[in-house]
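Positions are given from 1, in the same order as the sequence printed here.
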Amino acid sequence: MNFILRSFSYIFHPILMPIIGAILYFVVSPRFTPESIIQAKILGLFIITVIIPIILYFLLKNLRLISSIELMNVKERKIPLLLQSLLLLLVTRMVIDAYDYPELYFFFLGSLISSLTAVFMTLFNLKPSLHMIGIGNVTMFTIAISIHFNINLTLLIAIILFSNGLVGTSRLHSKAHTNLELVLGMLIGIIPQLTLVNFWL
């Protein structure tokens, strides 16, 4: 049981949430996009949001700036989150165009705001759950594109909401966060997405 609960922390790891949101968008969007373009965008996003963060993790660990992938210490979070913010900024500037993919652009912009908010929280010695921030981003984005494109994604939304519970339970079970940190993380993930929806919904 312990292994199963802990596995959800890896399945829904924060660095996977941006690419999951992008794949979700391209799968459900009724807009025609050539398959070659989709593949190029997904590959670019995968490199920037998954591969590079993994490389940076090992670099930071070798430099002894962080002790583990969990980033349990608040002080250890600053540099990784700042680097993540720079990568998300790179995505909004070079990979996802606001004109061609406004929904996806604002999803990544919302993720950037969430990341910067998490950095700001470290100044007050707070460590909101990055897992809940990530899945909160995807949750609100899925609900928004369902409404925007008038597509029935009820089952998918239900699965994602259930996943929220699994992730939260996993983080509590591993004693990585308190209830307050989980709720704070969820709010930091949802509110920027909900606010930016006004620009494209």
Side-chain angles (χ1 to χ4, degrees), residues 6 8-25 40-98 101 103-141 167-168 170-171 174 176-178 181-182 184-193 195-196:
R6 289 184 65 85
F8 290 114
S9 292
Y10 295 98
I11 295 172
F12 298 99
H13 196 276
I15 69 169
L16 298 177
M17 293 300 103
I19 193 69
I20 288 176
I23 291 173
L24 176 67
Y25 169 79
K41 295 293 182 183
I42 294 297
L43 178 60
L45 290 171
F46 184 75
I47 292 172
I48 294 174
T49 64
V50 179
I51 301 300
I52 294 179
I54 291 175
I55 294 172
L56 290 174
Y57 161 72
F58 286 109
L59 176 62
L60 293 174
K61 190 169 184 180
N62 286 333
L63 293 174
R64 297 183 179 179
L65 294 174
I66 59 175
S67 57
S68 73
I69 198 171
E70 294 292 333
L71 302 178
M72 297 296 290
N73 191 311
V74 176
K75 293 181 180 179
E76 291 183 353
R77 292 179 154 222
K78 293 179 182 179
I79 295 177
L81 284 172
L82 283 172
L83 291 173
Q84 179 70 7
S85 298
L86 287 174
L87 292 174
L88 290 171
L89 179 62
L90 180 64
V91 168
T92 60
R93 299 292 294 179
M94 299 185 64
V95 182
I96 302 300
D97 184 82
Y101 314 98
E103 304 86 1
L104 197 55
Y105 173 83
F106 283 108
F107 166 69
F108 279 100
L109 184 59
S111 299
L112 171 59
I113 294 172
S114 294
S115 183
L116 291 173
T117 302
V119 174
F120 179 72
M121 289 291 175
T122 64
L123 301 178
F124 300 94
N125 204 36
L126 294 172
K127 60 181 190 79
S129 171
L130 300 181
H131 283 77
M132 298 309 293
I133 290 176
I135 200 167
N137 278 322
V138 174
T139 300
M140 190 63 241
F141 180 61
V167 172
S170 174
R171 304 311 288 160
S174 61
H177 292 286
T178 63
E181 289 168 345
L182 292 178
L184 192 58
M186 178 58 72
L187 291 175
I188 293 173
I190 289 177
I191 291 176
Q193 297 293 334
T195 303
L196 292 175

Shortest non-hydrogen contact from [X] toward [Y]:
{"X": "Ser129", "Y": "Arg171", "result": "OG-CG, 4.3 Å"}
{"X": "Ile66", "Y": "Glu76", "result": "CG2-O, 3.6 Å"}
{"X": "Tyr10", "Y": "Leu16", "result": "O-CD1, 3.7 Å"}
{"X": "Met121", "Y": "Pro128", "result": "CB-CD, 3.9 Å"}
{"X": "Pro53", "Y": "Gln84", "result": "CG-OE1, 3.8 Å"}
{"X": "Asn137", "Y": "Gln193", "result": "OD1-NE2, 3.2 Å"}

Between [Y] and [X], is there a side-chain heavy-atom distance shorter than 4.5 Å?
{"X": "Leu83", "Y": "Leu60", "result": "yes"}
{"X": "Phe141", "Y": "Val138", "result": "no"}
{"X": "Ile42", "Y": "Ile23", "result": "yes"}
{"X": "Leu87", "Y": "Val91", "result": "no"}
{"X": "Leu196", "Y": "Ile113", "result": "yes"}
{"X": "Phe46", "Y": "Ile51", "result": "yes"}
{"X": "Pro18", "Y": "Phe108", "result": "yes"}

From [X] atom [atom1] to [Y] atom [atom2], the distance as rounded to the nearest 0.5 Å:
{"X": "Asp97", "Y": "Tyr105", "atom1": "CG", "atom2": "OH", "answer": "9.0 Å"}
{"X": "Lys78", "Y": "Thr122", "atom1": "NZ", "atom2": "OG1", "answer": "5.0 Å"}
{"X": "Leu86", "Y": "Leu116", "atom1": "CG", "atom2": "CG", "answer": "8.5 Å"}
{"X": "Leu184", "Y": "His177", "atom1": "CG", "atom2": "NE2", "answer": "10.5 Å"}
{"X": "Leu187", "Y": "Leu182", "atom1": "CG", "atom2": "CG", "answer": "11.0 Å"}
{"X": "Leu43", "Y": "Ile48", "atom1": "CG", "atom2": "CD1", "answer": "9.5 Å"}

Check whether [X] reaches the backbone of [Y] with its side chain - one donor and one acceptor, N or O, closer than 3.5 Å.
{"X": "Lys41", "Y": "Val95", "value": "yes"}
{"X": "Ser114", "Y": "Ile188", "value": "yes"}
{"X": "Ser115", "Y": "Ser111", "value": "no"}

Run the salt bridge (charged side-chain N to carboxylate O under 4.0 Å, His left out) test against Lys127 and tell me which residues pass, sequence neighbours left out.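 Scan of Lys127 (salt bridge (charged side-chain N to carboxylate O under 4.0 Å, His left out), adjacent residues dropped) gives Glu181.
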Sequence neighbours left out, what passes salt bridge (charged side-chain N to carboxylate O under 4.0 Å, His left out) with Glu103? Give chain and number order.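 With sequence neighbours excluded, Glu103 shows a salt bridge (charged side-chain N to carboxylate O under 4.0 Å, His left out) to Arg31, given in chain and number order.
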Over 60° means perpendicular and under 30° means parallel, so tell me whether His13 and His131 are parallel, tilted or perpendicular.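 Aromatic pair His13/His131 classed perpendicular.
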Verify side chain to side chain contact (heavy atoms under 4.5 Å, CB included) between Ile96 and Leu45, making sure each step is shown before the conclusion. CA-CA 9 Å; Ile96 302 300; Leu45 290 171; 4.1 Å; yes
Between Ile52, Val50, Leu56, which is the residue that forms a side-chain contact (heavy atoms from CB on, under 4.5 Å) with Ile54?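 One option only clears the test, and that one is Val50.
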